[in-house]
Number of protein chains: 2
Amino acid sequence: MLDNERLSGQNRLIDDFGAYFESIGFQPIAGRIIGLLSVSDREELSFDEIINRLKISKGSASVVLRRLVAECRVAVVESGRRHYYRLNQQNLFELLDEFERMCDSVRYLLNTTIDLKTDKESSNAKYFNQIINTIDRYKTNMATMRQAVQTI
Amino acid sequence: MLDNERLSGQNRLIDDFGAYFESIGFQPIAGRIIGLLSVSDREELSFDEIINRLKISKGSASVVLRRLVAECRVAVVESGRRHYYRLNQQNLFELLDEFERMCDSVRYLLNTTIDLKTDKESSNAKYFNQIINTIDRYKTNMATMRQAVQTI
DNA sequence: TCTTTAGTTCAATCGCGATTAAACTAAATA
DNA sequence: TATTTAGTTTAATCGCGATTGAACTAAAGA
């Protein structure tokens, strides 16, 4: 692969990371930073390298990086006056953890809804019960899978 | 349960539905309408009942309901001049479908990232490969669970 | 001590989606 | 036919998060 192919591929991918992270509630810049730290060949970049490559202001970079570090998505290494950033390799199941929290929210909403129903046999009540059962099966299943993956 | 307890419980829950749906990218009003159609004892409500109970304008209701109907989250029944709305009972795995699409996006981002790496054995490349493996196991596992649930 | 550098803070702006109000349309009713 | 009703359309507003720019701070280097 030619260097300029690689570079333009990286730039496209950085924007794709930005779009994906934006879709799950991050600032676009946060996603692009994560993208940059993911795709670049050197996997530890300075503040300056980040703002120059992404063409963003020092202000945004400072705010967004602080948030990413606080959320443990990015790790920071201080070297002299400079800060270097790299991707924090989190738990493999991070995505799944997030999804299970979502399932818990839905389960709570549906369960509370059923509690408030006068007719527990209403069409919606029965439907909600089915969803709750599916969620419960899912969680059991996932617990098993997590163990299996962890003991490889 | 007293009627006014039920009513205030419903109102709280409608706002909770609103917050949850907002967190996954819906307009707050969309979530509150879904909440209302979920918790109310009569499970089919007219346009007027919806705007009066939720205290929203005809305009918002019209726009949001059209979108919800287009997305098959809500079904509409026309009776004379009036439109009645009810929750559309979708596929039990709707939540899971959405999550699997997310997994596919992540898998694509990570896979493309690895392709662009000069060093396929870099720390991030190895980490991304692990995540891809976990996603693949997850999808296999889920396919099995779906079949199991469907054949009950 | 003076200057440079690296990053932070914060007020101002920009853009955008959500919501409303009011005018409008079309169908039902009188 | 005239009127009422149900819902739609759209221009305007509102609020808010993202981003920037510029002033500021603190530490390193001369």
Side-chain angles (χ1 to χ4, degrees), chain A residues 11 14-37 40 42 44-71 73-86 88, chain B residues 11 14-37 42 44-71 73-88:
Chain A
N11 288 339
I14 286 170
D15 288 338
D16 290 346
F17 268 88
Y20 171 74
F21 277 89
E22 188 175 0
S23 81
I24 60 170
F26 285 71
Q27 296 140 300
I29 284 188
R32 298 180 66 231
I33 289 178
I34 291 175
L36 173 59
L37 296 177
S40 80
R42 282 200 306 105
E44 190 161 299
L45 300 178
S46 71
F47 189 89
D48 261 17
E49 287 172 318
I50 293 173
I51 66 174
N52 290 330
R53 174 86 188 256
L54 299 182
K55 302 258 181 293
I56 59 180
S57 69
K58 288 161 81 173
S60 328
S62 177
V63 169
V64 169
L65 281 166
R66 181 169 45 225
R67 187 179 154 192
L68 290 174
V69 169
E71 290 170 345
R73 298 185 177 278
V74 164
V76 55
V77 179
E78 316 221 351
S79 155
R81 244 194 297 203
R82 278 205 165 76
H83 297 180
Y84 289 86
Y85 297 92
R86 61 180 170 70
N88 196 13
Chain B
N11 288 338
I14 287 170
D15 288 337
D16 290 346
F17 268 89
Y20 170 74
F21 277 90
E22 188 174 0
S23 82
I24 59 170
F26 285 71
Q27 297 140 299
I29 284 188
R32 298 180 66 230
I33 289 177
I34 291 175
L36 173 58
L37 296 177
R42 284 200 305 104
E44 189 161 299
L45 300 177
S46 70
F47 188 89
D48 262 16
E49 288 172 317
I50 293 173
I51 66 175
N52 291 329
R53 175 86 187 256
L54 299 183
K55 303 258 179 294
I56 59 179
S57 69
K58 288 162 80 173
S60 328
S62 177
V63 169
V64 170
L65 282 166
R66 181 170 45 223
R67 187 179 154 191
L68 290 174
V69 170
E71 290 170 346
R73 297 184 176 278
V74 164
V76 55
V77 179
E78 317 222 349
S79 155
R81 243 194 294 204
R82 280 206 164 76
H83 297 181
Y84 289 86
Y85 296 91
R86 61 180 171 71
L87 200 64
N88 196 13

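Just so it is clear: chains get the letters A, B, ... in the order the sequence lines come, proteins before strands, and each one is counted from 1.
Considering CD of B/E49 and CG of B/L37, their distance stands at 10.5 Å, rounded to 0.5 Å. Here the CG atom belonging to B/L87 is positioned 10.5 Å from the CG atom belonging to B/L36, to the nearest 0.5 angstrom. In this structure, A/L68 CG and A/I34 CD1 are separated by 5.0 Å, a value rounded to the nearest 0.5 Å.
Atom pair A/E78:CD and D/dA28:P shows a separation of 11 Å (rounding to whole Å applied).
First and last contacting nucleotides of DNA chain C toward chain A (any atom under 4.0 angstrom from a heavy atom, 5' to 3' order): C/dT4 to C/dT9.
You'll find that the side chain of A/R81 is closest to D/dG29, out of D/dG29, D/dT9, D/dT5. Taking the side chain of A/S60 as heavy atoms from C-beta on, and the options D/dG7, D/dT8, D/dT19, the nearest nucleotide is D/dT19.
At least one side-chain heavy atom of B/Y85 sits under 4.5 Å from a side-chain heavy atom of B/L65. Taking the side chain as every heavy atom from C-beta outward, B/R86 and B/V74 never approach each other to under 4.5 Å.
The cationic group of B/R67 lies under 6.0 Å from the six-membered ring centre of B/F26 and within 45° of the ring axis, placing it in a cation-pi geometry.
Of the residues in residues 47-58 of chain A, A/F47, A/K58 come within less than 4.0 Å of DNA chain C through at least one heavy atom, sorted by number. Within residues 19-33 of chain B, the residues that place at least one heavy atom under 4.0 Å from DNA chain C are, in residue-number order, B/Q27, B/P28, B/I29.
In this structure, the side chain of A/S23 engages the main chain of A/Y20 through a donor-acceptor pair within 3.5 Å.
Using cut-offs of 30° and 60° for the angle between ring planes, the B/F21 and B/F17 rings count as parallel.
Shown are B/I50, B/I51, B/L45; of these, the side-chain contact (heavy atoms from CB on, under 4.5 Å) with B/F47 is made only by B/I51.
When all heavy atoms of B/R82 and B/S46 are compared, the closest pair comes out as CD-CB, 4.3 Å.
Residue A/A61 is the one, among A/G80 and A/A61, whose nearest nucleotide of DNA chain D lies closer to the 5' end (criterion: closest heavy atom).
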